Amino acid sequence: MKLLVRNLSRSTTEQDIRKLFSEHGKVTECTLVLDQETGHSKGFAFVEMPDQDQAKAAITSLNMTSLAKSKIRVKKAH
DNA sequence: GTTGAGCGT
């Protein structure tokens, strides 16, 4: 199950996402979308979780949780 | 140098 994480802080790395989602389940893939030129974060990332139950648990638990200065938003990807 | 709704090299 692919998850979309948006409204991330610019300084947030994929290790942060990985660690954050690992608290609620297995994370097989974590991809932070970076800018090709600057290499800075675009502010959103993708997370792959094998178990759908843990994925939904991670969504409901991590959605709208405060990260850095803003609240992150997690939902199922396309 | 920032922002902020999005569905990705």
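Letters go in sequence order (proteins before strands), and every chain restarts at 1. Everything numeric in this text was worked out from a predicted model, so none of it was measured. Basis for what follows: all heavy atoms, side chains included, without hydrogens, waters or symmetry-related copies.
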- Task: Can you tell me which residue pairs pass the side chain to side chain donor-acceptor pair (under 3.5 Å) test with a partner in residues 41-66 of chain A, sequence neighbours excluded?
- Result: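 Listed once each, the pairs would be none.
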- Pick the nucleotide of DNA chain B nearest each of A:Arg10 and A:Leu32; which residue has the one closer to the 5' end?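 Result: A:Arg10.
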- Going through the distances and angles, do A:Arg73 and A:Met64 end up as a side-chain contact (heavy atoms from CB on, under 4.5 Å)? CA-CA 5 Å; A:Arg73 294 166 195 183; A:Met64 289 304 195; 4.2 Å; yes
What residues in [range] put a non-hydrogen atom under 4.0 Å from any atom of DNA chain B?
{"range": "residues 70-78 of chain A", "value": "A:Ser70, A:Lys75, A:Lys76, A:Ala77, A:His78"}
{"range": "residues 34-49 of chain A", "value": "A:Lys42, A:Gly43, A:Phe44, A:Phe46"}
{"range": "residues 17-29 of chain A", "value": "none"}

- Opening and closing nucleotides of DNA chain B in contact with chain A, under 4.0 Å to non-hydrogen atoms: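 Boundary nucleotides touching chain A, in 5' to 3' order, are B:dT3 to B:dT9.
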- Using the test side-chain contact (heavy atoms from CB on, under 4.5 Å), find all partners of A:Ala68 that sit at least two apart in sequence or belong to another chain.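 For A:Ala68, the residues satisfying side-chain contact (heavy atoms from CB on, under 4.5 Å) (neighbours in sequence not counted) are A:Ser9.
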- So, do A:Leu8 and A:Ile17 sit near enough that their side-chain heavy atoms are less than 4.5 Å apart?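 Counting from C-beta outward, A:Leu8 and A:Ile17 do come under 4.5 Å.
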- Query: Are any non-hydrogen side-chain atoms of A:Phe46 and A:Leu3 less than 4.5 angstrom apart?
  - Reply: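 Sidechains of A:Leu3 and A:Phe46: no contact.
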- side chain to side chain donor-acceptor pair (under 3.5 Å) partners for A:Asp16, two or more places apart: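 Expected list: A:Thr13.
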Just distance, no hydrogens or angles: give the donor-acceptor pairs under 3.5 Å from side chains in residues 20-27 of chain A, sequence neighbours left out.
{"unit_1": "A:Ser22", "atom_1": "OG", "unit_2": "A:Arg18", "atom_2": "O", "d": "2.5"}

- Query: Under 4.5 Å between side-chain heavy atoms, hopping through other hydrophobics if needed: is there a path connecting A:Val47 to A:Met1?
  - Reply: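 Yes: a chain of side-chain contacts under 4.5 Å links A:Val47 to A:Met1.
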- Query: When hydrophobic residues are tied together by side-chain contacts of less than 4.5 Å, even through go-betweens, does A:Leu62 share a cluster with A:Leu67?
  - Reply: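 A:Leu62 clusters together with A:Leu67.
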- Separation of A:Glu29 CD from A:Glu14 CD (nearest 0.5 Å):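 Between atom CD of A:Glu14 and atom CD of A:Glu29 there are 8.0 Å.
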- Task: Any chance you could measure A:Arg10, atom CZ, to A:Thr38, atom OG1, to the nearest 0.5 Å?
- Result: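 Result: 9.0 Å between the selected atoms.
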- Query: Which atoms form the tightest heavy-atom contact between A:Gly39 and A:Leu34, and what is the distance?
  - Reply: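 Between these two residues, the closest heavy atoms are O-CD2, 3.8 Å.
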